[in-house]
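Input: a single structure, listed below in structure tokens.
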Amino acid sequence: MSTTLNRVGLPRDAYKGAATTLCAGCGHNSITNHMIKALYELGVEPHRLAKMSGIGCSSKTPAYFVETAHGFNGVHGRMPALTTGAHLANRQMIMLGVSGDGDTASIGLGQFMHMIRRNIDCTYIIEDNGTYGLTKGQFSATADLGSVQKKGAVNTFQPIDPCAVALTLGCSFVARSFSGDGKQVVPLIKAALAHRGTAILDIISPCVTFNDHDGSTKSYSWVKDHEESIADVSFIPFFEEVHVDYEPGTIRDVQLHDGSHIVLKKLGEDHDPSDRRAAMRVLEEGRAAGHLVTGLLYLDTAMEDFATTERLPERPLKDFGEADLRMSRDDFHQFMSEFA
Amino acid sequence: MSTTLNRVGLPRDAYKGAATTLCAGCGHNSITNHMIKALYELGVEPHRLAKMSGIGCSSKTPAYFVETAHGFNGVHGRMPALTTGAHLANRQMIMLGVSGDGDTASIGLGQFMHMIRRNIDCTYIIEDNGTYGLTKGQFSATADLGSVQKKGAVNTFQPIDPCAVALTLGCSFVARSFSGDGKQVVPLIKAALAHRGTAILDIISPCVTFNDHDGSTKSYSWVKDHEESIADVSFIPFFEEVHVDYEPGTIRDVQLHDGSHIVLKKLGEDHDPSDRRAAMRVLEEGRAAGHLVTGLLYLDTAMEDFATTERLPERPLKDFGEADLRMSRDDFHQFMSEFA
Amino acid sequence: MTEQIINDLTIQAATVNGSGSQTANLVLTRAIFHMGIPVAPKNVFPSNIEGLPTWYQLRVTPEGHMARSDKVDVLIAFNVATWQADLKTVRPGGAVIHEEAFSTNETRTDVTYYPVPFSKLAKAKIQSDTLRKQLANMIYVGVVAGQLGIPMEALEHGVRRQFLAKPKAVQVNLDAIKVGHDYWQDNFSKKDPYRLEPMTGVVEGKVLVEGNQAAALGALMGGVTVAAWYPITPSSSLCENLIAYADRFRTDSATGEKRISVVQAEDELAALGMAIGAGWAGARSMTSTSGPGISLMAEFAGLGYYAEIPVVIFDIQRIGPSTGLPTRTSQGDVGFAYTLSHGDTKHIVLLPGTVEECYEFARDAFDYADRFQTPIFVLSDLDLGMNLWMTPEFKYPDKPFDRGKVLSKADLDRLAGEWGRYRDVDADGIAYRTLPGTDHPAAGFFTRGSGHDEQARYTESAEAYARNMERLSRKLETARHELPAPIVDESPQASIGLIAFGSTHPAVIEARETLAAAGKPVDYLRLRALPLADEVLTFVSRHEHVYVVEQNRDGQVYDLVRLALPAELVGRVRSIRHYNGQPIPAVAITEPLLQLEAVPA
Amino acid sequence: MTEQIINDLTIQAATVNGSGSQTANLVLTRAIFHMGIPVAPKNVFPSNIEGLPTWYQLRVTPEGHMARSDKVDVLIAFNVATWQADLKTVRPGGAVIHEEAFSTNETRTDVTYYPVPFSKLAKAKIQSDTLRKQLANMIYVGVVAGQLGIPMEALEHGVRRQFLAKPKAVQVNLDAIKVGHDYWQDNFSKKDPYRLEPMTGVVEGKVLVEGNQAAALGALMGGVTVAAWYPITPSSSLCENLIAYADRFRTDSATGEKRISVVQAEDELAALGMAIGAGWAGARSMTSTSGPGISLMAEFAGLGYYAEIPVVIFDIQRIGPSTGLPTRTSQGDVGFAYTLSHGDTKHIVLLPGTVEECYEFARDAFDYADRFQTPIFVLSDLDLGMNLWMTPEFKYPDKPFDRGKVLSKADLDRLAGEWGRYRDVDADGIAYRTLPGTDHPAAGFFTRGSGHDEQARYTESAEAYARNMERLSRKLETARHELPAPIVDESPQASIGLIAFGSTHPAVIEARETLAAAGKPVDYLRLRALPLADEVLTFVSRHEHVYVVEQNRDGQVYDLVRLALPAELVGRVRSIRHYNGQPIPAVAITEPLLQLEAVPA
Ligand SMILES: Cc1ncc(C[n+]2csc(CCOP(=O)(O)OP(=O)(O)O)c2C)c(N)n1
Ligand SMILES: Cc1ncc(C[n+]2csc(CCOP(=O)(O)OP(=O)(O)O)c2C)c(N)n1
Ligand code: SF4
Ligand code: SF4
Ligand SMILES: [Mg+2]
Ligand SMILES: [Mg+2]
């Protein structure tokens, strides 16, 4: 057990949660660990964290990290609405939503997209295994065309790619990764949390029990063989100073609202994360080539988030009292008299 | 009143419906007329037509054409589910769905997308006015960023473009038009009806009462000034033979399942409707340039529709009786005995 | 000519919607109100934007009756499509102001006709082409003014009041009214008995307010800071008014900051979800909808109940089932809202019966939500919500917010870990909660719609599950005693009682007068909340027969009343139902009641 | 050693889910059933895939009692996490087969312990590393077989039957069983009173079927051609079985064509929407779900009722509210489903009480849907749906489909325009419909969830609206007399009656035996449908006290029964409720009943 304390004076264990009840080897468990690492290293204060989720094995995971934080395991596919409301009630909370591919791309598709459209300031993590784990292995809408179910059934539909959909909507932060690739997932989680606006992070997270067999395109082996990272991501939080020791031209450095930096190191051909259409092209090409493109696909640091556009005060709305919320007695009588 | 009979021996008036109760000048009324023209000229048999809709001014229009056909005005945003079920019950019906932008892009977004994903054989027309007409003029999700409401409110959200979303999903037929452009709408309606699979036709249809003012990007004047048609569309039904009298290179001819042809005449730069990514690019460029791109954006005649993939018989499922649907007495006893 | 009938008549304007007639009707209403005469307008409009028949019933009575009247004294016939049918509704001896062009031959001879060439007049006398259609309606205002004797001064007030926002419109409208008034003077002599005369002593200090305006104001004063909604008739105007009021009273003039967030959601599921998320995070939150939206909110309503989240849900009822008649009124959602969601879900329901209660209950609903940590349903309806009602000015709140059992950092220090989110320490079923953001290591807990124990830990234990469900019942029982009590009005000698609620109230008041006059005095208990209070039992026990009057087909509250009674009292209760989408008139109570009383029990 | 207890005992296997124990339990079940002994298994599993506690209760009785027993005779303790708690559940004198490693000191001394080194044995005796975890469970099957005297031949049958699909698995499993059996022989001498002995005359001709299998088969035989569903426990297996059965019995071997379409929808709203669309177009259609899905279907259910669309909705109830306990049983949706949707909506609800009725009602539901042109709810539950039940083989249907009042082209010719979609020509509330695709100019009409007249034209007429609503009530009244009647079992002398429904049935059967033996015979009325039949009234009128027994907190059917009774009978009815998620045992009826009988009325 590591006892080094982070910037808010907490050990790594302070970010642990209840023991997982998921299957041994479930990708979701790795993501839980990446989450713990990211939150610990960022030094997020537990009482400022709100863990939101829908229903599914994936949606259970908020119980498995930062036990002392508030969490809300809502109803199936409706995490975005709950998160939106909670955020509006208290802008000071760091909203961290966890969902599954069924939760997001089937029943929750509408809420997922409308949250993006509003650019609600939150992190939205999809633990994407192409199947309905908790209901025992039916195909989800992210399952690839031709992907084979454990019992042999073949998926005959085009997948709904959450990242492609998010890009089409002009989502301000779109990334994809793989639960087995902590080196990439952890900085992306940090970046998503630091970003102000809706950050979509679609993490392929194999279901060892129902979707980790040959013929599945969401199995560990398939993903390992087909992952194509578009760039090495590293994250430098605002409380550490940047020291870029790369030769010029090999990296891109993007600054976020809170002063943190995302540093992208070129791998193969260069991808400009501020170019939405390039991001769409990269996804389309990957899909055509049968690759799983991972990394930070798109980032727009300029787009205003909903609360800012709506001119909400920094002070949480929940904290205002009668004095701030009720008009004066005189205004009231004046107002009533106007109905005469 | 025209009395020339179409190929099924009906006059144009046989395709009329009840008198409209929509506002004088409503774009939806023009679309109703385009619908009547298309159905009459195609010679659709009224008893084979199923008119489906959700709720809204737009969704009322199925009552205003082909009065003798069956129609179903369902609940808000759920036309796709009703249409899917009706189609599965009877593949022989021609499914014509009419919806609004609120009906489709807000409450109905999930069903809209999942219907496309299944490639249900139907025509899906969005009478898109960027507002909730029937509830008196609130912004809908297709309203453009910065578009101004009648009472002055400004829309602060990115629009959800039904065509862009459909393309992202790999929809097999995607087109956009303008209610005032009958020359383009009528052949597109015919093509959509002839196409086997989900045909999305987003028709900008100004709401004269709530969204036809300056500052609106869904007003008659704005659309007239900004429409950019990507190609002249004409439709040659299977029962007329093709005679192409254009000089080579200026046109594209696409054949549909039923032997009909879509003939596209180049306008400005050439667009290949079988190139999905090109279609996305055209939309993106139009959006960036502030144009309204209209025409047949994308068409995939090869993609199997749901009923075909599912191996459903051509004979309507509704017509099967006990003899076809119940296993034999022997099979039944054999089957029961297996539970011993 | 028969003797005069003064200040006691019902005017019905039959026009075409989207033609501007609503403005004319409101001017007429405000003018008469300005004369000191009580007014009770009912707007019967179609589910459509332009071109369909619409009726505006303006009832005036010296007593200030506010129920819909079942007969028309003065008809303003402006719509040829409904002309013949409208004519039938006029009572014998009534007056009919109609477009000259409408034929009156072989129609009724027992009414007085005042044919007016409205369209001709409009063409001839109104210059502006763009405004002609609108102003044509003002002409009939002038004619009625002449016929009933409404002074110019009152009409001027009416127009000014109506065009507060755009004063330059005042003159053209007055001119149009003058056209009608002159036409009356020049062409007609009074042949009907109806007159309006200025009154004093009744409307002083009163205002005209719509229930949805009242509820919006109540929510504002109740401290709502997050409202999520999806447009639907007849509830839209509630949140639209809230937005308008918030722009004026919740916006920091210096910084432009808003102390409220009103979100137009993508649908009703999302609307309630957002409100619940906000309530969970500690804001006072609400949503507003009507029937179809209530159905779509069923799943989230169950989460709110079981996870114990404060939230306020307004249901401005219209008549169902399904889409039904979106612009017609009903009390048809009561039973469904009361148990909204699968499993053993039960909710607190408030039943405002006046616009003043729309204001007060909307305001107090947020206290109830916080105190009982559960969704609060406020059931209004189209009649209450979208019509103008004469009411005393509302009272400025005299109490601070009641945020209920919320533990602060200091409380948690004091308790030193001795806290469980779902422990019933006060034996009232209400446990203590902490809000997200509370800076204390013990503050955090996990909220879920699945099984949980007193410490908010996940459990599938049969005992823990049953314990929790029993506490939830206890909580509702606690609430039952603290919700707005029924209002009982009894006269010593009455052996018959009426139980009603919501917008049925004015019809009951009027029915009681009629019945008393007919020698059948009836007592009255007006329900104001569910679950039912004990007063219901004692009220029934004091009467031989009790009639439950409601505006739905299935006698939803009649059932709830019977279930709340001991067996020996059940037999005393009878049901009176009105369900055609029109606000219930007094006769819909008096007639069935007298019939049922006629049959021996 | 006390006298022997033969074929009357309850075995409880406490294991970890996802470890393969379910297979072992089923082998044990089939082996005992093969001995001719009635079995009643109840699987109590967590809402989780792997690693949490799960219990399998296998009750055997000579009479074939199928209710859950409240005590354990033989405990198989395989899960250290629940070991201490499990031990408490064993009745004095019971037997405990447990992993040797579990400590037994300072625990109960009134039971017989048989410690077995399961893990050691598995390591030593099972070669295959991949299968070891699985097969370890088979070892306890062998031990129990030794302890209770289950013959090898029966075990072999059990294994073969269980592995029909993969015969090569048979031997390894038998070997594992042998390991356990040998261990018993070599190490223990019988110290407990329990024995199993072959029987004849009870289970002959009986099979073991899950309610969801029965319902899937019923739907198939009922002619369903369109099914849309969204996965949810405990209903998923209904449609999954339907898919499997359809692959076998609805697929044209020559062409590969399917005479059914089963669609996995994106959610429950879409699932019911698809089913309604299909029902409208003339197919026999269905959906299947559980509580949360029912909530989400509320809006479409109202459309189905008001637009009069035939469709069948299965609700395999789990315990709510909200997500509740997804793997625990309940009868908590009855009241909500009965009036599902806003406005005055009311539905027909079928209440199967046995797996045989799951088959029959599922099959006949499609006839009711077509005949009454309305949604039919079939309310099963987790206990009925997901547990194996001993049942006589189902009967092959003896009736053709009843498609109800559908007009063909020929009919329309005959009627020569004299047809209105919503005209009540037969005065039974049921109008005639045409199906899309009918080749006749008069066939088409417009279906809508908004106001319509007899000719299916849009209208906002108050009278037309009320007329239509009254016809819909009439239709339900017609149905009330044609739905499955209650089954009444009366003995001349009994003054007490029980009313129950659904999976409460076996507990009632057993409770009645106990009570009769205790000199308190009780009569029994088993409800099978809503709205309630008149038999309820006559049954209550024949008894002094009638107890309504149900598995929900709020006494939902107790309320419906009281509302159906004339006032003078209401006082006779009392309520017994069980709501902890476990299937109701007989004692949950006998104890409260005897208590309530003790108190003077
Ligand atoms: C309204 C509703 N419908 C269905 C369910 C059943 N259900 C629980 S989890 C789940 C799907 C979960 O899939 P996903 O979101 O991909 O999560 P995973 O288990 O794969 O991580 C479903 C359908 C539910 N809980 N609520
Ligand atoms: C569940 C539900 N919510 C809300 C409504 C109210 N409503 C009726 S039409 C409509 C929006 C219509 O907008 P659109 O689809 O764009 O159609 P338009 O009137 O603009 O043609 C709404 C919100 C409803 N009928 N049902
Ligand atoms: S079922 Fe699949 S998704 Fe669920 S916990 Fe197990 S491995 Fe993970
Ligand atoms: S309100 Fe708008 S959309 Fe509706 S009918 Fe009128 S113009 Fe058309
Ligand atoms: Mg998944
Ligand atoms: Mg619109």
Side-chain angles (χ1 to χ4, degrees), chain C residues 46-47 269 290-292 294-296 298-299 301-303 305-307 319-328 330 332-333 335-337 339-346 448-451 460 462-463 465-466 469-470 473 552-554 556 559 562-563 566-568 570-572 579-582, chain D residues 46-47 269 290-292 294-296 298-299 301-303 305-307 319-328 330 332-333 335-337 339-346 448-451 460 462-463 465-466 469-470 473 552-554 556 559 562-563 566-568 570-572 579-582:
Chain C
S47 175
L269 289 87
S290 190
I294 290 294
S295 282
L296 289 174
E299 188 193 21
L303 177 70
Y305 171 78
Y306 191 63
I319 200 159
S322 197
T323 302
L325 304 178
T327 59
R328 296 292 187 266
S330 152
D333 298 348
F336 187 60
T339 58
L340 187 65
S341 210
H342 60 280
D344 284 306
T345 303
K346 259 210 176 66
R448 44 166 72 82
S450 49
E460 295 178 356
E463 297 66 32
Y465 171 82
M469 287 301 284
E470 280 150 12
S473 296
N552 60 61
R553 180 195 65 181
D554 291 342
Q556 298 173 10
D559 283 355
R562 286 187 296 156
L563 291 173
E568 61 276 14
V570 172
R572 303 183 177 193
Y579 50 92
N580 66 7
Q582 303 285 350
Chain D
S47 175
L269 290 87
S290 189
I294 289 294
S295 282
L296 288 174
E299 189 193 22
L303 176 70
Y305 171 78
Y306 191 63
I319 202 159
S322 196
T323 303
L325 304 178
T327 59
R328 297 292 186 267
S330 154
D333 298 347
F336 187 60
T339 59
L340 187 66
S341 210
H342 61 280
D344 283 306
T345 304
K346 258 208 177 70
R448 43 166 73 81
S450 49
E460 294 179 355
E463 297 66 33
Y465 172 82
M469 288 300 285
E470 280 150 13
S473 296
N552 60 61
R553 180 196 65 181
D554 291 341
Q556 298 173 9
D559 284 354
R562 285 188 297 156
L563 291 173
E568 62 275 14
V570 172
R572 304 184 178 192
Y579 50 91
N580 66 7
Q582 302 285 349

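Lettering follows sequence order; numbering is per chain, from 1.
- Interatomic distance, CD of Glu460(C) versus CZ of Arg328(D), reported as 4.5 Å (0.5 Å rounding).
- Most heavy-atom pairs under 4.5 Å with chain D, from the set Gly332(C), Ala298(C), Pro321(C): that is Pro321(C).
- In this structure, the separation between CG on Asp554(C) and OG on Ser473(D) is 5.5 Å, given to the nearest 0.5 Å.
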Task: Working for ring pair (Phe, Tyr, Trp, His ring centres under 6.0 Å), residues Phe336(C) and Phe336(D) - done: CA-CA 8 Å; Phe336(C) 187 60; Phe336(D) 187 60; 5.6 Å; yes
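- Note: Gly324(D) leads Gly324(D), Ala466(D), Ala567(D), Gly302(D) in heavy-atom pairs under 4.5 Å with chain C.
- The contact between Leu340(C) and chain D is made by backbone and side chain atoms together, counting heavy-atom distances below 4.5 Å.
- Checking side-chain atoms of Gln582(D) against main-chain N and O of Ala462(C) turns up no donor-acceptor pair under 3.5 Å.
- Atom CD1 of residue Ile319(C) and atom CG of residue Asp344(D) lie 7.5 Å apart, to the nearest 0.5 angstrom.
- Distance alone, capped at 3.5 Å, is enough to place a donor-acceptor pair between the His342(C) side chain and the Ser322(D) backbone.
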Task: Chi angles and distances behind the side-chain hydrogen bond (donor to acceptor under 3.5 Å, both in side chains) call for Thr323(D), Arg448(C) - done: CA-CA 8 Å; Thr323(D) 303; Arg448(C) 44 166 72 82; over 6 Å; no
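- Judged by distance alone, the side chain of Arg553(D) and the main-chain N or O of Met469(C) form a donor-acceptor pair under 3.5 Å.
- Note that CG of Leu296(C) is 11.0 Å distant from OG of Ser295(D), once rounded to the nearest 0.5 Å.
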